[in-house]
Amino acid sequence: MAEAKGTIKRDRLYTEEDADLGLIKDRKIAVLGYGSQGHAQAQNMRDQGLDVIVGNVEDRFAEQARADGFEVVPIAEAVRRGQVILMLIPDEVQAAVHKSDIEPHLTRDHTLVFASGYAVHFGLITPPGFLDVILAVPNCVGAIVRERYARGQGVFGHFGVHQDVTGQAHDLALAVAMGIGILRFGAIKTTFGEEVAINLFAETAGLSGMIKYLLTAFEVLIEAGFSAEKAYCETFYEVQFLVESICRMPFGEAVAFGSPTATYLALTKTGDVVTEDVRERMRQMLARIQAGEMVRDWNLEQLAGCPVLTQRKREILEHPISEVEKLFLERKLASGGI
Ligand code: NDP
């Protein structure tokens, strides 16, 4: 098996002992957006005694925030009243909202916090030069960020600094990271550019690769005459089993956790399907991401009304997997997971 070339860099894991929540205790936190991350981060910070208001347009997200006990005001007002501004609306709309509702109200008393390097690194937003601009990112969907926090646990994350005007940006980023709960697990320091490159790479190479693998494996079994139920169970089960094993034990043990036959096949045929040329395609993909090509593609797709994405979503929903999985999903949920 080929190995990664070059020196392997290591990062330090920062925890709550490295942070001082007091830096943001007396500052009003404005959470802009109450979706996946917004609802989780707002509640985690409030649970630690921080003073949080939510900025959102009047719709179901605003209703939910009110039902959860928050004061909800328009985004521009939240920026005016807040000092630590958490940008928790989708990456692709941040630039427009920043221009219309955020930037005109920013002063040097504000700290601007992003949960992704996307908009700033790729130049969609250029924050004013007079304030600190920082990053605090949970490596997880908001529902899990909140659920773990409520159980007294945390999720892994990243933090970083784009602009340090006060000389305190590093410490402020750690304070926000503690507020949203990621230092309970631990977070590593990153840059906006690194964070977004790795995140988009993992989504492009990892997520899309896994989706392609699952669909193709299912289709090959169906073509060979196996029933949809058998094809679905085996194909999806193996992936679920590996992922669950990785969550519980070191990778080297997880890949050898099945039967001797499974381990033999998995470890000796590793390169038969995912062949070495994938490495070069991944390198090219990473280079395209770092050069901003993926973001440009996504912007053009949105300007055109998302025709390709809509078509792909429809194809997946209409794939024979959707029919067969209904039964299995119900049974899985009823029987505790597998
Ligand atoms: P969501 O899609 O869940 O955000 C929804 C919220 O954004 C709602 O409050 C919605 O309100 C508001 N919103 C959507 N469009 C607009 C608009 N045009 N103007 C004003 N408000 C708008 O976002 P996420 O929580 O997924 O992402 C937020 C940030 O967190 C992003 O930077 C993302 O990269 C990052 N992140 C996300 C993770 C995830 O797993 N989801 C993980 C780690 C980081 P309304 O519809 O009422 O306008």
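Start at 1 and go down the list; that is how both ligands and their atoms are numbered. FYI, the numbering just counts along the sequence from 1. It should be emphasised that the depicted structure is a prediction, and the values quoted were computed from it without experimental measurement.
Against a heavy-atom cut-off of under 4.0 Å, S116 is close to the following atoms of ligand 1: 32 (O), 34 (O). Listed by atom number, the atoms of ligand 1 under 4.0 Å from L88 heavy atoms are 4 (O), 28 (C). Near V97, with a cut-off below 4.0 Å to any heavy atom, the atoms of ligand 1 are 19 (N), 20 (C). The contact set between ligand 1 and V57, taken as ligand atoms under 4.0 Å from a residue heavy atom, comprises 45 (P), 47 (O), 48 (O). Heavy-atom contacts of D91 reach the following atoms of ligand 1: 31 (C), 32 (O), 33 (C), 34 (O) (cutoff under 4.0 Å). Of all the atoms in ligand 1, the ones that sit under 4.0 Å from a non-hydrogen atom of G33 are 9 (O). Atom numbering of ligand 1 starts at 1 in the shown order; those under 4.0 Å from a heavy atom of C140 are 40 (O), 42 (C). Close approach of ligand 1 to P138 (heavy-atom distance below 4.0 Å) involves ligand atoms 42 (C), 43 (C).
Shown here is D26, whose CG atom has no more than 12 heavy atoms of other residues, nucleotides or ligands within 6.0 Å. Within 6.0 Å of the CZ atom in F257, the count of heavy atoms belonging to other residues, nucleotides or ligands does not exceed 12.
Using a 4.0 Å cutoff on heavy atoms, A119 does not count as a contact of ligand 1. Using 4.0 Å as the threshold, I75 has a heavy atom nearer than that to some atom of ligand 1. In this structure, Y34 is part of the shell of residues with a heavy atom less than 4.0 angstrom from ligand 1. At a 4.0 Å cut-off, at least one heavy atom of Q94 sits close enough to ligand 1 to count as contact.
Of the possible polar contacts, one joining the S322 side chain to the L317 backbone as a donor-acceptor pair under 3.5 Å is found. One N or O on the side chain of R66 and one on the backbone of V72 form a donor-acceptor pair closer than 3.5 Å.
For atom 15 (N) of ligand 1, the nearest non-hydrogen atom from the set N56, V137, V93, V31 belongs to V93. Nearest to atom 37 (C) of ligand 1 by heavy atom, out of E63, Q37, Q41, is Q37.
Here the protein heavy atom with the shortest distance to atom 5 (C) of ligand 1 is G35 CA, 3.7 Å. The protein non-hydrogen atom at the shortest distance from atom 41 (N) of ligand 1 is S36 OG, 3.3 Å. Annotation: atom 45 (P) of ligand 1 to nearest protein heavy atom, D59 OD2, 3.1 Å. Closest to atom 10 (C) of ligand 1 among all protein heavy atoms lies F61 CD1, 3.8 Å. Looking from atom 2 (O) of ligand 1 to the surrounding protein, the closest heavy atom is P90 CG, 3.4 Å.
For the atom pair Q284 CD and E280 CD, the distance stands at 5.0 Å (nearest 0.5 Å).
When non-hydrogen atoms are compared, ligand 1 lies under 4.0 Å from neither the backbone nor the side chain of L32. The proximity of I89 to ligand 1, defined as any non-hydrogen pair under 4.0 Å, involves the side chain as well as the backbone. When heavy-atom distances to ligand 1 are checked against a 4.0 Å cut-off, R60 has no atom that comes that close, whether in backbone or side chain. Contact annotation: for A96 versus ligand 1, there are no heavy atoms closer than 4.0 Å. The proximity of V141 to ligand 1, defined as any non-hydrogen pair under 4.0 Å, involves the side chain as well as the backbone.
For R81 and D51, the salt-bridge test fails: no basic side-chain N is under 4.0 Å from an acidic carboxylate O. In this structure, R46 does not pair ionically with D68, as no charged nitrogen and carboxylate oxygen lie closer than 4.0 Å. Under the 4.0 Å criterion applied to side-chain N and carboxylate O atoms, R151 and E147 are assigned as salt-bridge partners.
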List the atom pairs, donor and acceptor, that lie under 3.5 Å between side-chain atoms in residues 84-103 and the rest of the protein, sequence neighbours left out.
{"from": "D91", "atom 1": "OD1", "to": "Q94", "atom 2": "NE2", "distance (Å)": "3.4"}
{"from": "Q94", "atom 1": "NE2", "to": "I89", "atom 2": "O", "distance (Å)": "2.9"}
{"from": "S100", "atom 1": "OG", "to": "A96", "atom 2": "O", "distance (Å)": "3.1"}

Which pairs would a plain distance check flag for residues 210-233, meaning a side-chain donor or acceptor within less than 3.5 Å of a matching protein atom at least two apart in sequence or in another chain?
{"from": "T216", "atom 1": "OG1", "to": "K212", "atom 2": "O", "distance (Å)": "2.6"}
{"from": "E219", "atom 1": "OE2", "to": "H319", "atom 2": "NE2", "distance (Å)": "2.8"}
{"from": "S227", "atom 1": "OG", "to": "K230", "atom 2": "N", "distance (Å)": "3.1"}

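Y237 and F241 have parallel rings, their planes meeting at less than 30° on a 0 to 90° scale where 60° marks the start of perpendicular.
Side chains of T111 and R27: a donor-acceptor N/O pair is present below 3.5 angstrom, by distance only.
I125 and P127 get closest at one heavy-atom pair: O-CD, 3.6 Å.
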